[in-house]
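Notes follow the structure.
We count ligands from 1, going down the list as the structure has it; atoms in each ligand are counted the same way. These numbers were taken from a predicted model, which means no experiment stands behind them.
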Amino acid sequence: MAAHQWNPHLYDTRHAFVAAYGTDLITDLDPRPGERVLDAGCGTGDLTDALRATGAHVVGVDASPDMVQRARDRFPDLDLRVADLRTLHLADADFDAVFSNATLHWIPEAPAAATALAAALRPGGRLAAEFGGQGNVAAIDTAARALRAEQNLPPAAQPWYFPDIAEYSAVLAAAGLTVTGAWLFDRPTRLEGDDGLAAWVRMFGSHLIDGVPHPDAFLAHLADRLRPRLHHSGSWWADYRRLRVTAAKPAA
Ligand code: BEZ
């Protein structure tokens, strides 16, 4: 998997909704004071800090050194580490709970990530995760691919993993976890600014403009195509569909 390049400053200033939407996943995890919690895919640290505010002892990991550096600058006393979830191996594992928001859709090697997260849990520990589910951002993805084809550009890569409930439940089961809840739901997500769609594609879907000779013109054309469907009430709305899962590691 080619690593996605993150811009931590842009992520915080234009895409703060990522963390804002994650707060009710913390309610599902229900961390208790003194518990050890792993934030798998901590980004720039907002939810790691929110988890810590519950009284839990939190370790945040992220594959992007730039994002971890930004998180350390913002929250110097959090325990934040650079680690790839596919190969995660923490000497001090044995977590009571694993939390993961808006990360697992970047890891097509889902069995490897699920196995590593399961290994990080103590027997009896639990997981709460949310990420893009089947059909996530389909309008954006389909329109951008169609526009590329019309412009005789090669097909874009596919870095995203958007499974349905059955597929991901099987991944978790194969990793040794018992699924305790699973929901697939639409959550249209407001994108800030008149250029919200273009900014989103540049930040999260840069593969869709890879090799495009004039990205500004391409994105303007894409916005024209998608406006009737994704622009209303004065804003752009990305057609997010979330997969939320809770699971437990059987007690030994
Ligand atoms: C998501 O949160 O659903 C998402 C974010 C970036 C790219 C694709 C999906």
Side-chain angles (χ1 to χ4, degrees), residues 1-26 28 39-48 50 60 62-64 66-67 70 85-86 99-110 113 128-145 147-148 155-165 167-168 171 182-193 195-210 215 219 222-223 226 229-230 235-245:
M1 180 182 69
H4 184 80
Q5 292 301 309
W6 293 101
N7 177 327
H9 178 70
L10 255 191
Y11 184 85
D12 280 349
T13 52
R14 295 294 305 270
H15 302 100
F17 65 81
V18 177
Y21 275 116
T23 48
D24 72 294
L25 185 63
I26 295 181
D28 273 6
D39 182 5
C42 64
T44 54
D46 291 282
L47 293 174
T48 325
D62 201 283
S64 162
D66 292 343
M67 297 292 260
R70 169 97 177 146
L85 295 188
R86 293 168 301 181
F99 174 90
S100 184
N101 180 57
T103 297
L104 295 171
H105 50 238
W106 291 109
I107 309 179
E109 300 90 342
E130 185 176 306
F131 57 108
Q134 189 184 50
N136 194 38
V137 294
I140 300 173
D141 187 63
T142 304
R145 289 176 188 279
L147 199 50
R148 289 182 68 97
Q158 182 47 280
W160 298 329
Y161 171 67
F162 298 144
D164 64 12
I165 287 178
E167 178 180 344
Y168 202 65
V171 168
W183 302 264
L184 184 64
F185 55 96
D186 289 325
R187 197 203 64 205
T189 297
R190 196 170 80 81
L191 306 176
E192 274 177 40
D195 66 340
L197 178 73
W200 186 91
V201 172
R202 287 185 186 281
M203 178 80 196
F204 296 117
S206 56
H207 58 287
L208 296 171
I209 51 171
D210 226 28
L219 289 170
L222 182 66
L226 287 170
R229 181 146 178 210
L230 299 184
S235 295
W236 283 104
W237 295 84
D239 55 329
Y240 274 29
R241 184 178 289 163
R242 320 310 294 163
L243 177 60
R244 181 177 290 200
V245 289

message: Show the atoms of ligand 1 that are less than 4.0 angstrom away from any heavy atom in Phe204.
response: 6 (C), 7 (C)
- request: Supply the atom-to-atom distance Phe99 CZ to Asp28 CG, rounded to the nearest 0.5 angstrom.
  value: 9.5 Å
- prompt: Any Lys/Arg nitrogen of Asp24 or Arg244 sitting under 4.0 Å from an Asp/Glu carboxylate oxygen of the other?
  reply: yes
field: Whether Arg148 side chain and Leu208 backbone form a donor-acceptor pair below 3.5 Å
entry: yes
- request: Would you check if the side chain of Asp62 reaches a backbone N or O of Met67 as a donor-acceptor pair within less than 3.5 Å?
  value: no
- prompt: Does Trp106 have a heavy atom less than 4.0 Å from any atom of ligand 1?
  reply: yes
Which segment of Phe131 sits under 4.0 Å of ligand 1 when only heavy atoms are counted: neither
statement: Residue pairs passing the salt bridge (Lys or Arg N to Asp or Glu O under 4.0 Å) test with at least one member in residues 133-145, sequence neighbours excluded, are Asp141-Arg145
- request: Looking only at distances, please establish whether an N/O atom of ligand 1 is found under 3.5 Å from an N/O atom of Trp200.
  value: no
message: Can you name the atoms of ligand 1, numbered from 1 with element, that are less than 4.0 Å from a heavy atom of Arg242?
response: 1 (C), 2 (O), 3 (O)
